[in-house]
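Here the structure comes first, spelled out in structure tokens, and everything after it is commentary.
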Amino acid sequence: MTSAQEARVIVIVPTYNEEGNIKKLARSLFSLGIPHLSLIIVDDHSIDSTANMVRILAREFPITLIEREKKLGLGTAYIAGFQRALQMSCDIIIQMDGDLSHDPHDIPRFLESIASSDVVLGSRYVSGGGSLAWSARRQALSRLSNLYARTMLGLPYHDITSGFKCFRREALATISFDRFISVGYVFQVETIYRAHRLGLRITEMPIIFHKREAGRSKLTLHIVFESFWKIFKLRLHG
């Protein structure tokens, strides 16, 4: 496989009203010193200045902006980003949140781990991982969601709801996203489920999940209950 220094890396970030975070995220990514790094931002018709800010940043950095006509869901945003990335020259594709809850400085470790894996899953629930500034209720809900999904789908991984992932291009290309039944947060679970069923080599790497720096969380109880139902549906229909 191409070495980490030679690899062409694309980072995909979905956004919705992230004007308070996206500039800092982009500058942090491009300060890492990764030689062949580019960024795809998929904006779901933000009603703030996120898209305008990305257009300004694209004058300085190799950034592709995909603007969508309305809010269509996290999962479909990632699929749009994956499809664009697979049309471009790249070796490694990374997905991460746009609210700075995922630390860009973890990316060099992802690039080291992907050398011997097909998928690297950033995990809060392995040794060395964790979540900062979360309430006990939020911690419990996250762990319960993971336990439920792991049990229902028969998966051995500790943090299958994580949105910080790294893929080898060839591995990502084998996943048939047209078969996906999820459009929201459960997309994170379905991605790992389908990668596992394909026999891809999946490695967990510890990460620290940070509290978002600006803006409001998009997670609601409705999303949580929808995720429980979609995982049950995924178990039934595969």
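Computed from a predicted structure; not experimentally measured. Values reported hereafter were calculated over all heavy atoms of this structure, with side chains retained and with hydrogens, waters and symmetry mates removed.
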Within the side chain of S162, is there an N or O that forms a donor-acceptor pair under 3.5 Å with the backbone of S123? no
Is the distance between the ring centroids of F167 and F82 under 6.0 Å? yes
Sorted by chain and residue number, the salt bridge (Lys or Arg N to Asp or Glu O under 4.0 Å) partners of D118 (sequence neighbours excluded) come out as R168, R201
Within the side chain of T174, is there an N or O that forms a donor-acceptor pair under 3.5 Å with the backbone of A171? yes
Nearest heavy-atom pair of N21 and G98: which atoms, and what distance? CB-O, 3.4 Å
Exercise: identify the closest heavy-atom pair between M88 and T64: CE-OG1, 4.2 Å
What one should report as the nearest heavy-atom pair of G122 and D159 is O-OD2, 3.8 Å
Would you please indicate yes or no on a ring centroid separation below 6.0 angstrom for F164 and H102? yes
Measure the shortest side-chain to side-chain distance between L29 and F61 over non-hydrogen atoms and say whether it is less than 4.5 angstrom. no
I207 versus D103: any side-chain heavy-atom pair under 4.5 Å? no
Please determine if R169 and D91 form a salt bridge, counting it only when a charged side-chain N lies under 4.0 Å from a carboxylate O. no
Carefully, step by step, assess I12 and Y78 under the rule side chain to side chain contact (heavy atoms under 4.5 Å, CB included). CA-CA 7 Å; I12 298 172; Y78 271 126; 3.9 Å; yes
NZ/NE/NH1/NH2 to OD/OE distance under 4.0 Å, E190 and R179: no
How far apart are the closest heavy atoms of L153 and I231, and which atoms are they? CD2-O, 4.0 Å
Closer than 3.5 angstrom, by distance alone: can the side chain of D43 be matched with the main-chain N or O of I66 as a donor-acceptor pair? no
Using a distance-only test with no angle check, is there a side-chain donor-acceptor pair under 3.5 angstrom linking N52 and S49? no
Smallest separation among heavy atoms of A51 and L65, with atom names: O-CD2, 3.8 Å
Verify the distance criterion only: is there a donor paired with an acceptor across the side chains of S145 and R150 at less than 3.5 Å? no
Strictly distance-based, threshold 3.5 Å: is any side-chain N or O of R124 a donor or acceptor partner for the main-chain N or O of G129? no
Report yes or no: does T50 contribute a side-chain atom to a donor-acceptor pair with the main-chain N or O of E18 at less than 3.5 Å? yes
Here the pair of heavy atoms bringing G128 nearest to P206 is C-CB, 3.6 Å
Evaluate the side-chain proximity of R194 to F180: yes if any heavy-atom separation is below 4.5 Å, no if none is. yes
Check the pair F187 / I79 against side chain to side chain contact (heavy atoms under 4.5 Å, CB included), numbers first and verdict last. CA-CA 10 Å; F187 174 84; I79 291 173; 3.7 Å; yes
Would L74 and V183 count as a side chain to side chain contact (heavy atoms under 4.5 Å, CB included) here? Give the steps. CA-CA 6 Å; L74 181 72; V183 296; over 6 Å; no
Without swapping roles, check the side chain of T76 against the backbone of G73 for a donor-acceptor pair under 3.5 Å. yes
Is it the case that R143 and N146 place a side-chain donor and acceptor less than 3.5 Å from each other? no
Can you list every side-chain hydrogen bond (donor to acceptor under 3.5 Å, both in side chains) pair that touches residues 25-40, not counting sequence neighbours? R27-E60
Between K70 and D44, does a side chain to side chain contact (heavy atoms under 4.5 Å, CB included) hold up when you go through it step by step? CA-CA 6 Å; K70 59 183 179 180; D44 255 8; over 6 Å; no
Do the side chain of E204 and the main chain of H158 share a donor and acceptor less than 3.5 angstrom apart? yes
Sorted by chain and number, sequence neighbours left out, ring pair (Phe, Tyr, Trp, His ring centres under 6.0 Å) with Y157 holds for H196
